[in-house]
Amino acid sequence: MMQDEVIFTSDNGVGVITLNRPERLNALTYSMVQQINKNLNSWEMNDSINCVMIQGAGDRSFCAGGDVVKLRKEVLADGGPPTNLSKSFFYDEYTLNYKISNYKKPFISLINGFTMGGGVGVSMHGSHVVASEKTMFAMPETAIGLFPDVGGGWLLGQLDKGIGAWLSLVGARIKAHDLLKLKLITHYVSSENVEILKNSIISSSPNSNQKVNNIIDQFSSKPQTEDSVLIDNEELIKKAFSYDTIEQIFNECERLVENEFLRVQYEELKHKSPTSLKISLKQIRKASHMSLKDELIMEYRMVQRCVEIGDFFEGVRAMLVDKDRKPNWKPNNIQDVDETRVNLFFEDLGDLDLILKN
Ligand code: QUE
């Protein structure tokens, strides 16, 4: 008997979601997205549920993202792209991200491990986001021909322009100290205290954000500064990444290339999908003055184009399936990604647009 990919329990009025594919770093399948949507809807209407918690099984990962390997395999097997699955996977995933952001009860995310891509979308829109020293955050999608989706583009669009572009384009990994500084998390609790925090939430069954804060505050501490990237490099990142075009960012990285940190960032950028770099920068600049709802509708337009005319499946093939790490990006350099091509990713889909209620 196959184990459940996601486990739902309710204990003393606390609904608990456990992402349960530890051997796949708890990557999200379409079935998991559907089940989480269904349970969140029913818990929201159920008066005996006071709050919801989400966690990952195992001690390494909260959630590494969407299971894009499985998605690609199934879409290709079905003669796509596109297919019903390539349309509905992202439709339902972004609907879930939005549901979490305006959930009517406290939504507590325990991101004690890798929290990347799709994992960001099922956690960081919640009312309480608790990280530990094991938390590793990234939006690495430009490496696989995508862009920071799941409302992550909206989160990064609200940050300082330079920091937001750096995280979106490089897919840089940051830890708790920097996440707290950027207000991407609400609390830091060391991993040795996460289990008693969970028990404490379940025994008190808080029904308001303030009550949840009072509990988490009892176990919170200051994150370690050792693995901060921002303490040493924040000004440099802002200098190189605050521009509104990829060409300007590349030029500035080249100009400052004697700096070791920037040299490494620039090397990373040169491996990303050129199309992804350009659409991601346009996305997060637009996102800075959009609502999350409108940004998710924009993301859905973008992701459908990435599947049909972008580098998404080729990126997944090269980085995660064949692992040759030699994607054949089309086009293969930033000069050949013109404004006309970029604009295609932002065109509406007519009847196929994402519709989000309230
Ligand atoms: C960029 C990404 C993802 C990635 C690697 C990237 C991503 C994702 C995974 C992933 C990790 C472990 C798994 C799995 C998928 O890797 O979104 O199935 O077991 O989910 O460079 O965006």
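Both ligands and their constituent atoms are indexed starting at 1 by order of listing. The model shown is predicted, which means the values in this text are computed figures rather than measured ones.
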> Should the pair F89 and Y30 be assigned to parallel (<30°), tilted (30 to 60°) or perpendicular (>60°) ring geometry?
Replying inline: tilted
>> Would you say M32 ends up clustered with V120 if hydrophobic residues are merged whenever their side chains have heavy atoms under 4.5 Å apart, either directly or through other cluster members?
In response: yes
> Looking at Y103, does the NZ or CZ of K99 lie under 6.0 angstrom from its six-membered ring centre and within 45 degrees of the ring axis?
Replying inline: no
Can you give me a line-by-line list of nitrogen or oxygen pairs between ligand 1 and the protein shorter than 3.5 Å?
from	atom 1	to	atom 2	distance (Å)
ligand 1	18 (O)	D67	OD1	3.1
ligand 1	19 (O)	R24	O	3.1
ligand 1	19 (O)	R24	NE	3.0
ligand 1	19 (O)	R24	NH2	3.4
ligand 1	20 (O)	A64	O	3.4
ligand 1	20 (O)	G66	N	3.4
ligand 1	20 (O)	G66	O	2.4

> Any chance the side chains of N50 and S205 put a donor and an acceptor closer than 3.5 Å?
Replying inline: yes
Would you be so kind as to tabulate the donor-acceptor pairs closer than 3.5 Å made by side chains of residues 142-155, with sequence neighbours excluded?
from	atom 1	to	atom 2	distance (Å)
T142	OG1	L169	O	2.8
D149	OD2	Y94	OH	2.6
W154	NE1	M290	O	2.9

> Under 4.0 Å between a Lys/Arg side-chain N and an Asp/Glu carboxylate O for E267 and R263?
Replying inline: no
